[in-house]
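See below for the structure under consideration.
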Amino acid sequence: MALMTAQEYIESLRKLNTRVYMFGEKIENWVDHPMIRPSINCVAMTYALAQDPQYADLMTVKSSLTGHTINRFTHLHQSTEDLMNKVKMQRLLGQKTASCFQRCVGMDAFNAVFSTTFEIDEKYGTHYHENFKKFLTMVQDNDLTVDGAMTDPKGDRSKAPSQQADPDMYVHVVERRPDGIVVCGAKCHQTGSINSHWHIFMPTISMGEADKDWAVSFACPTDAEGMYMIYGRQSCDTRKLEEDASIDVGNAKFGGQEALVVLDHVFIPNEYIFLNGEYEFAGMIVERFAGYHRQSYGGCKVGVGDVVIGAAALAAEYNGVEKASAVKDKLIEMTHLNETLFCCGIACSAQGFKTKAGNYQIDLLLANVCKQNVTRFPYEIVRLAEDIAGGLMVTMPSQKDFNSDTVVGRNGETIGQICNKFFAAREGVSTEDRQRVMRFLENMCLGAAAVGYRTESMHGAGSPQAQRIMIARQGNIQGKKQFAKDIAGIKD
Ligand code: SF4
Ligand code: FE
């Protein structure tokens, strides 16, 4: 099958029986829901850009499984160049949407599960790798979007899955049948879950023998019987429901999406199982998936950062201060921080290596350094953007005020005229353009898009401490001590 167009992707979602709940109710037509649609438009960009000859090299690639041309979001990376192209593709998407485009979690799950299933089969003679290859071929041929679902609710963090008072705190097997398994549990803050055709579930931590029933990985369609999602709300999200508020929304076209995904006795046929009790491989999937997703942030957040920097520069220009040396220096600092993140994304890709299964894995230490920087630099970039923009980004009257005919002035001036008079800046710049850039910055810095640019930079792909644990493991302090001993003449 050919690659889907953006429109075909959107229409394909309507064919699914995905169960979506929001504000305590079932949403029937969720595809056209004003709070959900921007996140669908965002995934649709991963399809639209793949149709554009200008981006063909970045967005499409030859499948290692079938030789067909596929969207890079469904690809198994075959080289360090592939890994770098992945990061460049994510930066491009960030620049085009200023949001989280969601499709990367599936791509990162494909690559982690592909290599891990190979190693499980090697040890146990299981058939998970064949299962996975068949599944991924179907995904590639149909150009599907797949959610990579990892984060369990986790309950009492001091206890292992098998020790939890409620066993559902981690996804687990509740019944084993000859033809498959039945699973229960949930995954929290699942990016793009509702907008995906399928899900790949993976464990979220390393496990011991007692956790066997929790050591499980599988694929299932998003509308599987027993599966449903509760939509995660975002700051200022109901602005999307207001009339005449497209400017107030800040980014009316695109947005991210997270949801709570619940598995209530979902049956998984054998052919879609990729891990089932081989608990010592749970940690390998987690480490590999997290590594890829920490690399991803050196692309997507950089692309979004490009747009934040651009918006701050526009705000300065509209105010007539773009030549002020203090403003120029802040833009330099923002660029420096943003490009440092890109360096990390490229570096962990360039230092990638071939796994036993044949696809390429990023350098784990550098990917964790990448993500650790992402937990900090976007915050500083946003701080500088707010500094340049000024307080108006959070104090400006509504779009309705700017358009209002209600008379308030002694000489018959309307609210709209008064707003346009006092919020005018430099000559030649419309107040509407100023409104747009201020609301856009508000959206990026502390509105709905701040989920993707700020808090997701902190916690997405693992919270900062998770990276510090990996940095400690990979940092080779013993080797570094030896360097010092050798040169300082210290003998053991
Ligand atoms: Fe992709 Fe970034 Fe969103 Fe993760 S946070 S899904 S890497 S856009
Ligand atoms: Fe993310």
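First listed ligand is number 1; within each ligand, the first listed atom is number 1.
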Is there side-chain contact between Phe267 and Pro269, with heavy atoms separated by less than 4.5 Å?
yes
Indicate yes or no: does Glu333 engage Lys330 in a salt bridge with an N to O separation below 4.0 Å.
no
What is the number of protein N/O/S atoms located under 2.8 Å from the Fe ion (ligand 2)?
2
Using distance only, find each side-chain donor-acceptor pair of residues 342-352 under 3.5 Å and give its atom names and separation, not counting sequence neighbours.
from   : atom 1 : to     : atom 2 : distance (Å)
Ser349 : OG     : Gln295 : NE2    : 2.9
Ser349 : OG     : Gly345 : O      : 2.7

Cationic N near anionic O, under 4.0 Å, Lys187 to Asp152
yes
Spell out the protein N/O/S atoms under 2.8 Å from atom 2 (Fe) of ligand 1 as residue plus atom name.
Cys300 SG
Is it true that atom CD of Glu225 has more than 12 heavy atoms of other residues, nucleotides or ligands lying nearer than 6.0 Å?
no
Is Arg103 close enough and on-axis enough to Tyr47, meaning under 6.0 Å and within 45°, for cation-pi?
yes
Can we say Glu442 and Arg239 salt-bridge, meaning some charged N sits less than 4.0 Å from an Asp/Glu carboxylate O?
yes
Determine all donor-acceptor pairs shorter than 3.5 Å in which one atom belongs to a side chain in residues 363-372; sequence neighbours excluded.
from   : atom 1 : to     : atom 2 : distance (Å)
Asp363 : OD1    : Leu365 : N      : 3.2
Asp363 : OD1    : Leu366 : N      : 2.9
Asn368 : OD1    : Arg294 : NH1    : 2.6
Asn368 : ND2    : Leu364 : O      : 2.7
Lys371 : NZ     : Ser457 : O      : 3.2
Lys371 : NZ     : Met458 : O      : 3.1
Lys371 : NZ     : Gly460 : O      : 2.8
Lys371 : NZ     : Gly462 : O      : 2.8
Gln372 : OE1    : Arg376 : NH2    : 3.3
Gln372 : OE1    : Arg468 : NH1    : 2.6
Gln372 : NE2    : Pro464 : O      : 3.1
Gln372 : NE2    : Gln467 : OE1    : 3.3

Strictly below 4.0 Å, N to O, side chains only: are Glu119 and Arg288 in salt-bridge contact?
yes
